[in-house]
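Here the structure comes first, spelled out in C-alpha coordinates, and everything after it is commentary.
Only heavy atoms go into these numbers, but all of them, side chains included; no hydrogens, no water, no symmetry mates.
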Protein chains: 2
Amino acid sequence: MTHPRLDHDALRGALETAGLRPTPQRLAVYDQLAAMDHHPTAEEVFRAVRPRSPRISLATVYKALEALVAVGAVDRLGAESAAGPARYDARGDRHYHFRCLRTGTIHDLPTQYDPRLIEQLDPGLADDLRDRGFQVTGYRLELLGYRLPGRDEPGSPGSGRDA
Amino acid sequence: MTHPRLDHDALRGALETAGLRPTPQRLAVYDQLAAMDHHPTAEEVFRAVRPRSPRISLATVYKALEALVAVGAVDRLGAESAAGPARYDARGDRHYHFRCLRTGTIHDLPTQYDPRLIEQLDPGLADDLRDRGFQVTGYRLELLGYRLPGRDEPGSPGSGRDA
DNA sequence: ATCGATGCAAAGCGTTTGCAGGGGT
DNA sequence: ACCCCTGCAAACGCTTTGCATCGAT
(Lines give C-alpha, C1' and ligand atoms only; values in the text may rest on other atoms or scores of the structure.)
Protein backbone atom coordinates (compact mmCIF):
# COMPACT_ATOMS: atom_id res chain seq x y z
CA MET A 1 0.00 0.00 0.00
CA THR A 2 1.93 2.97 -1.22
CA HIS A 3 -0.86 5.25 -2.38
CA PRO A 4 -4.62 5.37 -2.23
CA ARG A 5 -6.08 3.43 -5.08
CA LEU A 6 -9.42 2.57 -6.60
CA ASP A 7 -11.34 -0.43 -5.32
CA HIS A 8 -12.76 -2.91 -7.78
CA ASP A 9 -16.21 -1.36 -7.83
CA ALA A 10 -14.89 2.10 -8.56
CA LEU A 11 -12.59 0.76 -11.25
CA ARG A 12 -15.38 -1.26 -12.81
CA GLY A 13 -17.56 1.82 -12.84
CA ALA A 14 -14.84 3.93 -14.41
CA LEU A 15 -14.26 1.41 -17.16
CA GLU A 16 -17.96 0.89 -17.87
CA THR A 17 -18.63 4.61 -17.96
CA ALA A 18 -16.04 4.83 -20.69
CA GLY A 19 -17.68 1.98 -22.59
CA LEU A 20 -14.90 -0.44 -21.71
CA ARG A 21 -15.39 -3.84 -20.15
CA PRO A 22 -14.00 -4.58 -16.70
CA THR A 23 -12.33 -7.79 -17.76
CA PRO A 24 -10.37 -10.00 -15.39
CA GLN A 25 -7.16 -9.09 -17.19
CA ARG A 26 -7.71 -5.37 -16.77
CA LEU A 27 -8.57 -5.73 -13.11
CA ALA A 28 -5.58 -8.00 -12.54
CA VAL A 29 -3.23 -5.56 -14.25
CA TYR A 30 -4.56 -2.71 -12.17
CA ASP A 31 -4.33 -4.68 -8.93
CA GLN A 32 -0.82 -5.76 -9.70
CA LEU A 33 0.29 -2.26 -10.59
CA ALA A 34 -1.29 -0.81 -7.46
CA ALA A 35 0.40 -3.43 -5.32
CA MET A 36 3.90 -2.72 -6.60
CA ASP A 37 5.99 -0.33 -4.60
CA HIS A 38 7.73 1.19 -7.56
CA HIS A 39 6.69 2.39 -10.99
CA PRO A 40 7.16 -0.61 -13.24
CA THR A 41 7.47 -1.01 -16.96
CA ALA A 42 4.86 -2.90 -18.97
CA GLU A 43 7.21 -5.85 -19.08
CA GLU A 44 7.55 -5.84 -15.29
CA VAL A 45 3.80 -5.71 -14.88
CA PHE A 46 3.51 -8.59 -17.32
CA ARG A 47 5.92 -10.77 -15.37
CA ALA A 48 4.37 -9.83 -12.04
CA VAL A 49 0.80 -10.46 -13.12
CA ARG A 50 1.40 -13.85 -14.71
CA PRO A 51 0.88 -15.81 -11.48
CA ARG A 52 -2.54 -14.22 -11.11
CA SER A 53 -3.45 -14.40 -14.75
CA PRO A 54 -1.34 -17.16 -16.28
CA ARG A 55 -2.66 -16.93 -19.82
CA ILE A 56 -2.29 -13.16 -20.18
CA SER A 57 -0.11 -11.89 -23.00
CA LEU A 58 2.23 -8.93 -23.10
CA ALA A 59 0.04 -7.34 -25.76
CA THR A 60 -2.95 -7.58 -23.45
CA VAL A 61 -0.96 -5.94 -20.68
CA TYR A 62 -0.20 -3.06 -23.01
CA LYS A 63 -3.84 -2.83 -24.03
CA ALA A 64 -5.01 -3.03 -20.41
CA LEU A 65 -2.61 -0.29 -19.38
CA GLU A 66 -3.84 1.82 -22.26
CA ALA A 67 -7.44 1.34 -21.13
CA LEU A 68 -6.54 2.18 -17.54
CA VAL A 69 -4.74 5.31 -18.67
CA ALA A 70 -7.76 6.25 -20.78
CA VAL A 71 -10.07 6.16 -17.77
CA GLY A 72 -7.61 8.02 -15.59
CA ALA A 73 -6.88 5.15 -13.23
CA VAL A 74 -3.26 4.92 -14.27
CA ASP A 75 -0.65 7.46 -15.24
CA ARG A 76 1.91 6.72 -17.93
CA LEU A 77 5.34 8.18 -17.36
CA GLY A 78 7.14 8.45 -20.66
CA ALA A 79 10.75 7.40 -20.96
CA GLU A 80 13.25 10.20 -20.66
CA SER A 81 16.12 8.38 -22.28
CA ALA A 82 14.77 7.11 -25.55
CA ALA A 83 16.47 3.81 -24.87
CA GLY A 84 14.04 2.90 -22.13
CA PRO A 85 10.46 1.77 -21.76
CA ALA A 86 7.60 3.80 -20.30
CA ARG A 87 6.61 3.33 -16.70
CA TYR A 88 3.19 3.20 -15.13
CA ASP A 89 1.78 4.62 -11.93
CA ALA A 90 -1.52 3.52 -10.36
CA ARG A 91 -2.08 7.00 -9.10
CA GLY A 92 -4.63 7.43 -6.38
CA ASP A 93 -3.43 10.88 -5.61
CA ARG A 94 -1.29 13.15 -7.70
CA HIS A 95 2.30 13.49 -6.70
CA TYR A 96 5.73 14.39 -7.90
CA HIS A 97 8.53 12.13 -9.01
CA PHE A 98 12.27 11.80 -8.90
CA ARG A 99 13.74 10.26 -12.02
CA CYS A 100 17.15 8.59 -12.03
CA LEU A 101 18.94 9.54 -15.23
CA ARG A 102 21.17 6.50 -14.98
CA THR A 103 18.68 3.68 -14.50
CA GLY A 104 15.44 5.31 -15.61
CA THR A 105 13.76 4.30 -12.38
CA ILE A 106 11.17 6.65 -10.96
CA HIS A 107 10.59 7.27 -7.27
CA ASP A 108 7.76 9.06 -5.51
CA LEU A 109 8.52 12.24 -3.67
CA PRO A 110 7.10 12.90 -0.22
CA THR A 111 6.16 16.44 -1.18
CA GLN A 112 2.45 17.10 -1.27
CA TYR A 113 1.00 17.93 -4.66
CA ASP A 114 0.03 21.57 -4.92
CA PRO A 115 -2.67 22.29 -7.51
CA ARG A 116 -1.94 26.01 -7.29
CA LEU A 117 1.77 25.77 -8.00
CA ILE A 118 1.44 27.07 -11.55
CA GLU A 119 -0.77 29.95 -10.46
CA GLN A 120 1.77 30.87 -7.80
CA LEU A 121 4.67 30.55 -10.17
CA ASP A 122 3.10 32.78 -12.79
CA PRO A 123 -0.31 34.25 -11.94
CA GLY A 124 -2.59 34.31 -14.93
CA LEU A 125 -0.45 31.98 -17.00
CA ALA A 126 -3.13 29.33 -17.50
CA ASP A 127 -5.72 31.95 -18.45
CA ASP A 128 -3.24 33.57 -20.74
CA LEU A 129 -2.48 30.28 -22.43
CA ARG A 130 -6.16 29.43 -22.78
CA ASP A 131 -6.77 32.71 -24.58
CA ARG A 132 -4.03 31.77 -26.98
CA GLY A 133 -5.39 28.32 -27.74
CA PHE A 134 -3.67 26.20 -25.11
CA GLN A 135 -5.99 24.36 -22.78
CA VAL A 136 -4.01 23.37 -19.69
CA THR A 137 -5.23 20.17 -18.05
CA GLY A 138 -2.45 19.59 -15.56
CA TYR A 139 1.22 19.72 -14.99
CA ARG A 140 4.08 17.40 -14.33
CA LEU A 141 7.01 18.16 -12.04
CA GLU A 142 10.00 15.86 -11.89
CA LEU A 143 13.24 16.13 -10.07
CA LEU A 144 16.10 14.75 -12.11
CA GLY A 145 19.34 13.32 -10.87
CA TYR A 146 21.17 10.21 -9.88
CA ARG A 147 20.39 7.63 -7.27
CA LEU A 148 23.47 6.15 -5.69
CA PRO A 149 24.30 2.70 -7.04
CA GLY A 150 23.39 -0.27 -4.92
CA ARG A 151 20.30 1.36 -3.54
CA ASP A 152 17.90 0.43 -6.29
CA GLU A 153 15.19 -2.01 -5.30
CA PRO A 154 15.94 -1.75 -1.57
CA GLY A 155 14.15 -3.88 0.94
CA SER A 156 12.80 -1.11 3.15
CA PRO A 157 12.53 2.28 1.47
CA GLY A 158 9.59 3.14 3.70
CA SER A 159 11.65 4.70 6.45
CA GLY A 160 12.29 8.41 6.24
CA ARG A 161 9.80 10.75 4.66
CA ASP A 162 9.04 9.04 1.39
CA ALA A 163 5.37 9.19 0.47
CA MET B 1 15.98 33.78 -32.74
CA THR B 2 13.85 32.37 -30.00
CA HIS B 3 16.35 31.92 -27.19
CA PRO B 4 19.92 32.81 -26.45
CA ARG B 5 22.23 30.25 -27.92
CA LEU B 6 25.90 29.42 -28.08
CA ASP B 7 28.03 30.94 -30.79
CA HIS B 8 30.34 28.74 -32.80
CA ASP B 9 33.39 29.45 -30.68
CA ALA B 10 31.62 28.62 -27.44
CA LEU B 11 30.18 25.47 -28.94
CA ARG B 12 33.54 24.42 -30.34
CA GLY B 13 35.05 24.97 -26.94
CA ALA B 14 32.36 22.96 -25.20
CA LEU B 15 32.81 20.06 -27.56
CA GLU B 16 36.59 20.10 -27.39
CA THR B 17 36.58 20.31 -23.62
CA ALA B 18 34.56 17.10 -23.63
CA GLY B 19 37.04 15.49 -26.01
CA LEU B 20 34.62 15.68 -28.93
CA ARG B 21 35.40 17.16 -32.30
CA PRO B 22 33.55 20.21 -33.55
CA THR B 23 32.73 18.68 -36.89
CA PRO B 24 30.78 20.53 -39.60
CA GLN B 25 27.87 18.14 -39.10
CA ARG B 26 27.65 18.82 -35.39
CA LEU B 27 27.84 22.56 -35.88
CA ALA B 28 25.25 22.41 -38.65
CA VAL B 29 22.87 20.35 -36.52
CA TYR B 30 23.24 22.79 -33.66
CA ASP B 31 22.76 25.82 -35.89
CA GLN B 32 19.71 24.31 -37.48
CA LEU B 33 18.18 23.37 -34.16
CA ALA B 34 18.84 26.80 -32.70
CA ALA B 35 17.27 28.43 -35.74
CA MET B 36 14.02 26.51 -35.54
CA ASP B 37 11.18 28.16 -33.71
CA HIS B 38 9.81 24.95 -32.28
CA HIS B 39 11.26 21.87 -30.66
CA PRO B 40 11.77 19.46 -33.52
CA THR B 41 12.26 15.73 -33.69
CA ALA B 42 15.52 14.22 -34.93
CA GLU B 43 13.80 13.51 -38.24
CA GLU B 44 12.73 17.16 -38.56
CA VAL B 45 16.25 18.32 -37.82
CA PHE B 46 17.52 15.88 -40.41
CA ARG B 47 15.22 17.20 -43.13
CA ALA B 48 15.90 20.80 -42.18
CA VAL B 49 19.67 20.47 -42.12
CA ARG B 50 20.00 18.65 -45.43
CA PRO B 51 20.22 21.82 -47.52
CA ARG B 52 23.18 22.95 -45.40
CA SER B 53 24.77 19.55 -45.13
CA PRO B 54 23.55 17.50 -48.09
CA ARG B 55 25.46 14.31 -47.38
CA ILE B 56 24.48 14.05 -43.71
CA SER B 57 22.71 10.91 -42.61
CA LEU B 58 19.94 10.45 -40.09
CA ALA B 59 22.27 8.37 -37.94
CA THR B 60 24.74 11.22 -37.86
CA VAL B 61 21.99 13.59 -36.80
CA TYR B 62 21.19 11.28 -33.92
CA LYS B 63 24.85 11.05 -33.00
CA ALA B 64 25.32 14.80 -33.28
CA LEU B 65 22.30 15.44 -31.08
CA GLU B 66 23.66 12.95 -28.56
CA ALA B 67 27.00 14.76 -28.51
CA LEU B 68 25.29 18.12 -28.10
CA VAL B 69 23.20 16.78 -25.24
CA ALA B 70 26.35 15.37 -23.64
CA VAL B 71 28.02 18.78 -23.58
CA GLY B 72 24.88 20.49 -22.33
CA ALA B 73 24.23 22.54 -25.45
CA VAL B 74 20.99 20.77 -26.22
CA ASP B 75 18.20 19.38 -24.11
CA ARG B 76 16.38 16.22 -25.08
CA LEU B 77 12.70 16.13 -24.27
CA GLY B 78 11.52 12.55 -24.08
CA ALA B 79 8.31 11.48 -25.76
CA GLU B 80 5.29 11.37 -23.52
CA SER B 81 3.23 9.11 -25.72
CA ALA B 82 5.40 6.13 -26.46
CA ALA B 83 4.30 6.30 -30.06
CA GLY B 84 6.23 9.49 -30.66
CA PRO B 85 9.79 10.55 -31.14
CA ALA B 86 11.87 12.62 -28.73
CA ARG B 87 12.23 16.33 -29.29
CA TYR B 88 15.25 18.55 -28.96
CA ASP B 89 15.74 22.02 -27.56
CA ALA B 90 18.80 24.18 -28.18
CA ARG B 91 18.47 25.65 -24.76
CA GLY B 92 20.35 28.82 -24.11
CA ASP B 93 18.46 29.46 -20.94
CA ARG B 94 16.39 27.06 -18.92
CA HIS B 95 12.68 27.34 -19.28
CA TYR B 96 9.41 25.51 -18.92
CA HIS B 97 7.32 23.81 -21.57
CA PHE B 98 3.75 23.18 -22.57
CA ARG B 99 3.21 19.77 -24.10
CA CYS B 100 0.23 19.04 -26.34
CA LEU B 101 -1.07 15.58 -25.49
CA ARG B 102 -2.72 15.29 -28.89
CA THR B 103 0.12 16.15 -31.25
CA GLY B 104 3.15 15.73 -29.00
CA THR B 105 4.36 19.20 -29.93
CA ILE B 106 6.15 21.18 -27.27
CA HIS B 107 5.94 24.92 -26.82
CA ASP B 108 7.99 27.27 -24.70
CA LEU B 109 6.34 29.06 -21.83
CA PRO B 110 6.97 32.73 -21.18
CA THR B 111 7.40 32.10 -17.46
CA GLN B 112 10.86 32.72 -16.15
CA TYR B 113 12.75 29.73 -14.84
CA ASP B 114 13.04 29.78 -11.07
CA PRO B 115 15.96 27.77 -9.71
CA ARG B 116 14.53 27.98 -6.20
CA LEU B 117 11.12 26.56 -7.03
CA ILE B 118 11.83 23.20 -5.44
CA GLU B 119 13.20 24.79 -2.31
CA GLN B 120 10.10 26.96 -2.05
CA LEU B 121 7.76 24.06 -2.72
CA ASP B 122 9.33 21.88 -0.05
CA PRO B 123 12.20 23.42 1.94
CA GLY B 124 14.92 20.91 2.62
CA LEU B 125 13.67 18.39 0.10
CA ALA B 126 16.84 18.30 -1.96
CA ASP B 127 19.00 17.96 1.15
CA ASP B 128 16.72 15.30 2.45
CA LEU B 129 16.92 13.37 -0.79
CA ARG B 130 20.68 13.69 -0.93
CA ASP B 131 20.96 12.16 2.52
CA ARG B 132 18.92 9.26 1.28
CA GLY B 133 21.03 8.63 -1.80
CA PHE B 134 19.32 10.81 -4.38
CA GLN B 135 21.50 13.46 -5.95
CA VAL B 136 19.23 16.09 -7.48
CA THR B 137 20.74 17.80 -10.51
CA GLY B 138 17.73 19.71 -11.76
CA TYR B 139 14.04 19.59 -12.35
CA ARG B 140 11.60 19.61 -15.20
CA LEU B 141 8.22 21.33 -15.15
CA GLU B 142 5.75 20.82 -17.95
CA LEU B 143 2.22 22.00 -18.40
CA LEU B 144 0.11 19.39 -20.11
CA GLY B 145 -2.99 19.93 -22.17
CA TYR B 146 -4.33 20.43 -25.62
CA ARG B 147 -3.58 23.03 -28.19
CA LEU B 148 -6.56 23.95 -30.31
CA PRO B 149 -6.46 22.32 -33.76
CA GLY B 150 -5.42 24.46 -36.67
CA ARG B 151 -2.96 26.45 -34.62
CA ASP B 152 0.01 24.19 -34.95
CA GLU B 153 2.90 25.57 -36.93
CA PRO B 154 1.48 29.11 -37.08
CA GLY B 155 3.15 31.85 -39.03
CA SER B 156 3.48 34.36 -36.20
CA PRO B 157 3.43 32.92 -32.72
CA GLY B 158 5.73 35.66 -31.52
CA SER B 159 2.94 38.04 -30.56
CA GLY B 160 1.67 37.89 -27.00
CA ARG B 161 3.92 36.91 -24.16
CA ASP B 162 5.55 33.77 -25.47
CA ALA B 163 9.21 33.53 -24.58
C1' DA C 1 -26.13 -13.14 -32.50
C1' DT C 2 -23.56 -9.38 -31.50
C1' DC C 3 -19.58 -6.94 -30.26
C1' DG C 4 -15.77 -5.97 -27.77
C1' DA C 5 -11.47 -8.32 -25.66
C1' DT C 6 -7.88 -11.75 -25.74
C1' DG C 7 -3.67 -13.96 -27.31
C1' DC C 8 -0.52 -14.94 -30.69
C1' DA C 9 2.46 -13.53 -34.25
C1' DA C 10 4.04 -10.12 -37.18
C1' DA C 11 4.76 -5.52 -38.29
C1' DG C 12 5.96 -0.80 -37.06
C1' DC C 13 8.59 3.04 -35.45
C1' DG C 14 12.23 5.50 -33.42
C1' DT C 15 16.77 4.80 -32.26
C1' DT C 16 21.22 2.54 -31.92
C1' DT C 17 25.03 -0.14 -33.59
C1' DG C 18 28.64 -2.46 -36.73
C1' DC C 19 31.75 -1.43 -39.80
C1' DA C 20 34.37 0.24 -43.83
C1' DG C 21 35.91 4.51 -45.52
C1' DG C 22 37.44 9.38 -44.73
C1' DG C 23 39.69 13.51 -42.72
C1' DG C 24 42.10 16.22 -39.56
C1' DT C 25 46.12 16.55 -36.34
C1' DA D 1 49.96 7.01 -38.13
C1' DC D 2 46.51 7.66 -35.22
C1' DC D 3 41.87 8.22 -33.78
C1' DC D 4 37.57 9.96 -34.08
C1' DC D 5 33.83 10.69 -37.10
C1' DT D 6 30.73 9.83 -40.97
C1' DG D 7 27.37 7.37 -43.67
C1' DC D 8 25.16 3.31 -44.91
C1' DA D 9 22.65 -0.66 -43.64
C1' DA D 10 21.28 -3.80 -40.46
C1' DA D 11 19.83 -4.71 -35.88
C1' DC D 12 17.47 -3.51 -31.72
C1' DG D 13 13.87 -2.59 -28.13
C1' DC D 14 9.48 -1.16 -27.13
C1' DT D 15 4.94 -0.83 -28.63
C1' DT D 16 1.17 -1.49 -31.71
C1' DT D 17 -1.61 -4.01 -35.00
C1' DG D 18 -4.04 -7.88 -37.75
C1' DC D 19 -6.70 -11.46 -37.08
C1' DA D 20 -8.95 -15.70 -35.51
C1' DT D 21 -11.01 -17.10 -31.33
C1' DC D 22 -13.36 -16.35 -27.00
C1' DG D 23 -16.85 -14.64 -23.70
C1' DA D 24 -20.34 -12.00 -21.97
C1' DT D 25 -24.68 -9.92 -22.82
Quiz item: Charged N to carboxylate O under 4.0 angstrom, R76(A) versus E66(A)?
Solution: no
Quiz item: So with a 6.0 Å cut-off around CD of Q120(B), is the heavy-atom count from everything else above 12?
Solution: yes
Quiz item: Quick one: L77(A) CG to dT15(D) P, roughly how many Å, whole number?
Solution: 12 Å
Practice problem: Could you check how far CG of L15(B) sits from C1' of dG24(C), rounded to whole Å? | Solution: 15 Å
Quiz item: Does the pair R12(A)/E16(A) count as a salt bridge with the N-to-O cut at 4.0 Å?
Solution: no
Practice problem: Answer yes if the side chains of H8(B) and D31(B) hold a donor-acceptor pair under 3.5 Å, and no otherwise. | Solution: yes
Quiz item: Will you find, in the side chains of Q135(B) and R130(B), an N or O donor that is under 3.5 Å from an N or O acceptor?
Solution: no
Quiz prompt | Single hit among H95(A), H39(A), R91(A), R87(A) for side-chain contact (heavy atoms from CB on, under 4.5 Å) with D75(A) | solution = R91(A)
Practice problem: Take atom CD of Q112(A) as the centre, draw a 6.0 Å sphere, and report whether it contains more than 12 heavy atoms from other residues, nucleotides or ligands. | Solution: no
Quiz item: Any Lys/Arg nitrogen of R140(B) or E142(A) sitting under 4.0 Å from an Asp/Glu carboxylate oxygen of the other?
Solution: no
Self-check item: Interface residues of residues 19-28 of chain B with DNA chain D (non-hydrogen, below 4.0 angstrom)
Solution: L20(B), R21(B), T23(B), Q25(B), R26(B)
Quiz item: Hey, can you pull the residues of residues 48-68 of chain A with a non-hydrogen atom under 4.0 angstrom from DNA chain D?
Solution: A59(A), Y62(A), K63(A)
